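A short write-up of the structure that comes next.
We name chains A, B, ... by the order of the sequence lines, and we start the count at 1 in each one. The model shown is predicted, which means the values in this text are computed figures rather than measured ones.
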2 protein chains.
Amino acid sequence: MSESTHPDRGHVPDRSAGSAAFSPLYQQIKGLLLQSLDRGEWKPGEAIPSELDLAARFQVSQGTVRKAIDELAADNLLVRRQGKGTFVATHHEANVRFRFLRLTPDDARQRGSASQVLDCRRVKAPADIAALLDLRNGEAVVSLRRLLSFEDTPTILDDIWLPGAVFKGLTAESMQRLRSPLYALFESEFGVSMVRADEKIKAVAASDEQAQLLRIEPGAPLLRVERVSYTYGDRPMEVRRGLYLTEQFHYRNSLN
Amino acid sequence: MSESTHPDRGHVPDRSAGSAAFSPLYQQIKGLLLQSLDRGEWKPGEAIPSELDLAARFQVSQGTVRKAIDELAADNLLVRRQGKGTFVATHHEANVRFRFLRLTPDDARQRGSASQVLDCRRVKAPADIAALLDLRNGEAVVSLRRLLSFEDTPTILDDIWLPGAVFKGLTAESMQRLRSPLYALFESEFGVSMVRADEKIKAVAASDEQAQLLRIEPGAPLLRVERVSYTYGDRPMEVRRGLYLTEQFHYRNSLN
DNA sequence: AAGTGGTCTAGACCACCGG
DNA sequence: CGGTGGTCTAGACCACTTA
């Protein structure tokens with residue numbers, strides 16, 4: 001502890017040297033925490049070490065660790081719970097199970113939901129999907145289609161593509177058996193944590209096939225939601241093309 | 001810059017007393033800053049006092065003021081600029097002029113935009129609009145319709161309602177004259193800063209009238225975006241119902 | 001050089017949780 | 001009770017802007 005700067009090997013930012021890169025200590029800590037999360041040192045749902053422990057491990061003050069954790073918590077990678085600890089975010093909890101689903105009933109009434117897997121097979125990635133998933137052209141992907149119903153009203157028709165190398169052994173059967181939401185299943189069965197997603201939304205007219213599955217008229221307007229989901233290193237891990245029936249539902253969003 | 005004239009009182013949080021309410025000091029400071037913003041003590045685009053000045057004014061440490069400002073900056077109410085100061089957010093800046101518009105070209109190419117006001121009049125608020133704007137039934141609102149085109153392709157048809165008491169004297173003429181975006185105009189002409197908005201999105205089929213204005217076929221699928229925008233105290237100040245043509249555009253969103 | 005926000009530290013104390 | 005995160009302070013120094 002000296003004064004002025006830290007003597008630790010924590011390397012004070014290397015301000016001299018023409019190196020254009022200067023990143024604050026807490027950002028470096030954030031990076032280290034991110035690596036630990038990525039390599040699975042702490043699993044979803046588990047507690048990470050206390051702030052003081054981490055401060056000791058990284059040879060910085062508690063305040064610096066705190067700021068790093070603050071940012072990870074703001075990004076929803078970690079969850080702080082006063083008096084208990086800081087936990088790795090997980091998709092297995094009631095309150096966040098539909099974290100990425102922005103479709104909401106027009107009336108607030110909650111409805112029971114049921115998911116039906118219509119198809120699931122390994123195929124060579126189409127060019128557009130390969131590009132979105134950072135795969136080489138023709139690499140294997142798991143391709144699946146499912147129908148989500150609310151109170152027996154078919155509402156969402158999803159086509160989903162996953163990197164085949166990561167999601168080995170995913171079958172329709174295993175999805176029906178473990179009835180958890182997909183992202184929860186990805187975590188526990190394949191060690192893949194979805195952390196962020198981008199969506200692009202258009203309005204389209206239902207094709208004959210789509211109309212039949214959703215039990216509506218061909219040509220009826222549908223919300224088409226294309227989603228790319230990312231794990232820790234901003235690595236894309238899922239492409240999802242959903243068709244949302246918005247007769248009694250809407251997509252909600254907050255701008256700020 | 002004002003001198004003195006602060007009827008402040010620095011209170012340490014009233015931790016004793018069984019009072020159920022306990023709010024941290026920095027939250028109280030945040031509230032005071034919010035009040036100052038609301039009452040227009042600092043206008044959009046202007047700098048607020050420095051952290052040290054505010055710390056002196058409120059009789060707290062710089063760190064406490066800093067944390068309050070951090071949150072306001074995270075909410076986009078304030079903008080920090082290192083070395084220069086902290087500024088009140090404004091809709092008058094190139095980079096944030098389309099802050100609330102999530103419609104993006106499918107290819108990244110930028111297009112020139114033009115707005116045409118089709119209608120603008122004072123009317124009694126319809127019941128649903130009155131409810132959304134927290135107005136009494138039948139109170140006056142400004143109702144306007146406009147068409148937004150990108151490179152001469154009509155793309156967005158907006159119906160907009162504004163509280164009549166606040167937006168006195170808003171006319172189609174004045175909007176065409178000052179060519180700035182609506183939210184920028186609201187700021188400079190009416191002192192109304194839009195801070196946040198909620199959107200509800202559906203897919204709908206174009207009516208005959210809508211189709212004609214957007215130069216498409218009746219029944220074509222459109223994105224219907226209902227937006228309620230809020231000023232400082234979470235007071236609703238605008239209802240906007242937009243129809244987006246998503247042939248060559250999409251609504252983009254980030255989930256986390 | 002002076003003034004702003006940005007980082008980092010060290011220490012005190014508070015609120016919440018669990019055994 | 002001890003351990004966790006949460007708040008608050010005071011002070012040092014760094015980075016960026018402006019003059």
Nucleic acid contacts of residues 76-83 of chain B, taken as heavy-atom distances under 4.0 Å to DNA chain C: B/Arg80, B/Arg81, B/Gln82, B/Gly83
Those residues that, when tested against A/Asp198, pass side chain to side chain donor-acceptor pair (under 3.5 Å) (two or more places apart): A/Arg196, B/Ser254
Residue-level proximity of residues 44-53 of chain A to DNA chain D when a heavy atom falls under 4.0 Å: A/Ser50, A/Glu51
Polar contact flag, side-chain donor to acceptor under 3.5 angstrom, A/Tyr251-B/Glu199: no
Along DNA chain C (nearest heavy atom to each residue), the more 5'-positioned of B/Gln62 and A/Thr64: B/Gln62
Let me have the donor-acceptor pairs involving side chains of residues 72-84 of chain B, under 3.5 Å, with sequence neighbours excluded, atom names and distances please.
residue : atom : partner  : partner atom : Å
B/Asn76 : ND2  : A/Asn256 : O            : 2.4
B/Arg80 : NH1  : B/Asp70  : OD1          : 2.5
B/Arg80 : NH2  : B/Glu51  : OE2          : 2.1

Pi-cation contact, A/Phe249 with A/Arg111 (under 6.0 Å, within 45°): yes
B/Ser174 and B/Glu189: side chain donor to acceptor below 3.5 Å: no
Partners meeting side chain to side chain contact (heavy atoms under 4.5 Å, CB included) with A/Asp38 (sequence neighbours left out): A/Tyr232, A/Arg235
Contact under 4.0 Å: A/Lys84 side-chain N or O vs C/dG18 OP1/OP2: yes
By side chain to side chain contact (heavy atoms under 4.5 Å, CB included) - contacts of A/Ser149 (at least two apart): A/Leu147, A/Pro154
Side-chain donor-acceptor pair present, B/Ser180, B/His92, cut-off under 3.5 Å: no
